[in-house]
There are 2 protein chains.
Amino acid sequence: MKLTEAKAQFISSWGAFGTHWGINRTMAQIHALLLISPDPITQDDIMEQLSISRGNVNMNTRDLIGWGLVDRVLIPGERKEFFTAEKDIWKVATQIIKERKKRELDPMLKLLTQLEQIEGDKKDKDVKQFVDTIAGIRKFGGQADKVLDVMIKADESWFLGSLLKFFK
Amino acid sequence: MKLTEAKAQFISSWGAFGTHWGINRTMAQIHALLLISPDPITQDDIMEQLSISRGNVNMNTRDLIGWGLVDRVLIPGERKEFFTAEKDIWKVATQIIKERKKRELDPMLKLLTQLEQIEGDKKDKDVKQFVDTIAGIRKFGGQADKVLDVMIKADESWFLGSLLKFFK
DNA sequence: ATATATTTTCAATAAATTTTGAAAATTCAA
DNA sequence: TTGAATTTTCAAAATTTATTGAAAATATAT
């Protein structure tokens, strides 16, 4: 297989993969393209390589920057903006985990804590099942939260960092 | 807060949560409803409680059964079919991980392994970045695969099971 | 076997999401 | 400043995804 074909296949698969994770296809494709581009590239490069409109590129690169996965790069003497992606997959994963935790897990845990405190007779089986379910999810989520914190902080801690390097 | 209101909020939030994970809103809502229902319920119950059509309920319950999260239950003397969900959140998570690994991670790793073997001069920086990126993702994915296998097998292993019970 | 209840299917419809492209805003060199 | 290059915005259009509902298929009681 040649590079051109392999690139196309990677970008396409990464895009499809993204849709299973609540990420839109184009955003994932742009990310894929940036991941395999050795040097920073422009909006026009992305437009051309993925055959998508300027507006689309603009919105999705901004989103990717919001996720902390892509950076704007200014190249001296160049008028246009360039974009580049973090290439270390461990850092990419950590960043995604950090963001999703903040955007999804933390608010969900907050809600569950509220829902657990409903009024009602705990001998009533509907009440009991509700409280048990909510408590179970909250407890599980709380543990997941802690495990993810360890992963995120691994990068900042010498000891954990060394330990987890074995997995890199 | 009363049970009725809390239920509605849980179902609604769980549905929204699901959409961030590539699961459609209704499927997540049906799952939420079943999680907090102490006894098995029918298609008609689900239709009524979520205000959705019969066809919709039918398709989504079938999907949930395919995910191994919901079971059909036959109640003696009853003509209708009843549905019930696994209530142990650890088992729910394990089951989801198992399925997603099979449906998404494994095929992706297979593809990456193929893409890594492209023809081309490794001194060319485009080739190099492509191979490095693919290799990095594959390696990371491979490690994730192993970690998830441990989690999945924990349920089947007495020792790991006991160990992980501390986290439940 | 027949009638009735129940489930399943799927084409049509509706809703949600994504994409476009052109106008407006911004940036920057001269 | 001015004007050309570049980026951003966002309403409208296109596309994708989800939902409905009625007909067909299936299951069950008598």
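Quick note on labels: first sequence line is chain A, next is B, and so on, each numbered from 1. Values reported hereafter were calculated over all heavy atoms of this structure, with side chains retained and with hydrogens, waters and symmetry mates removed.
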Regarding the side chain of B/E81, the nearest nucleotide among C/dT8, D/dA18, C/dT19 is C/dT8
Separation of atom NZ in B/K80 from atom C1' in C/dT8, rounded to whole Å: 16 Å
So, do A/F130 and A/L115 sit near enough that their side-chain heavy atoms are less than 4.5 Å apart? yes
Using a strict 4.0 Å threshold on nitrogen-to-oxygen distance, state whether B/K128 and B/D132 make a salt bridge. yes
Whole Å only: how far is the CE atom of B/M27 from the P atom of D/dT17? 15 Å
Find out whether A/I52 and A/I30 are in side-chain contact, i.e. whether some heavy atom of one side chain is under 4.5 Å from a heavy atom of the other. yes
Less than 4.0 angstrom from a charged side-chain N to a carboxylate O is my criterion; do A/K2 and B/E119 meet it? no
Establish, yes or no, whether the cationic atom of A/R62 lies under 6.0 Å from the six-membered ring centre of A/W67 and within 45° of the ring axis. no
Can you list, in residue-number order, the parts of residues 30-69 of chain A that come under 4.0 Å of DNA chain D, counting heavy atoms only? A/Q43, A/R54, A/G55, A/N58, A/M59, A/R62
Presence of B/R79 side-chain N/O under 4.0 Å of D/dT30 phosphate oxygens OP1/OP2: no
Distance check needed: C/dT20 P versus A/N24 CG, whole Å only. 11 Å
Is the charged tip of B/R100 near the ring of B/W21: under 6.0 Å from the six-membered ring centre and within 45° of its axis? no
Hey, is the side chain of B/R72 poking within less than 4.0 Å of OP1 or OP2 on C/dT8, counting only N and O atoms? yes
Heavy-atom nearest nucleotide on DNA chain C taken for A/L74 and for A/R25; more 5' hit belongs to A/R25
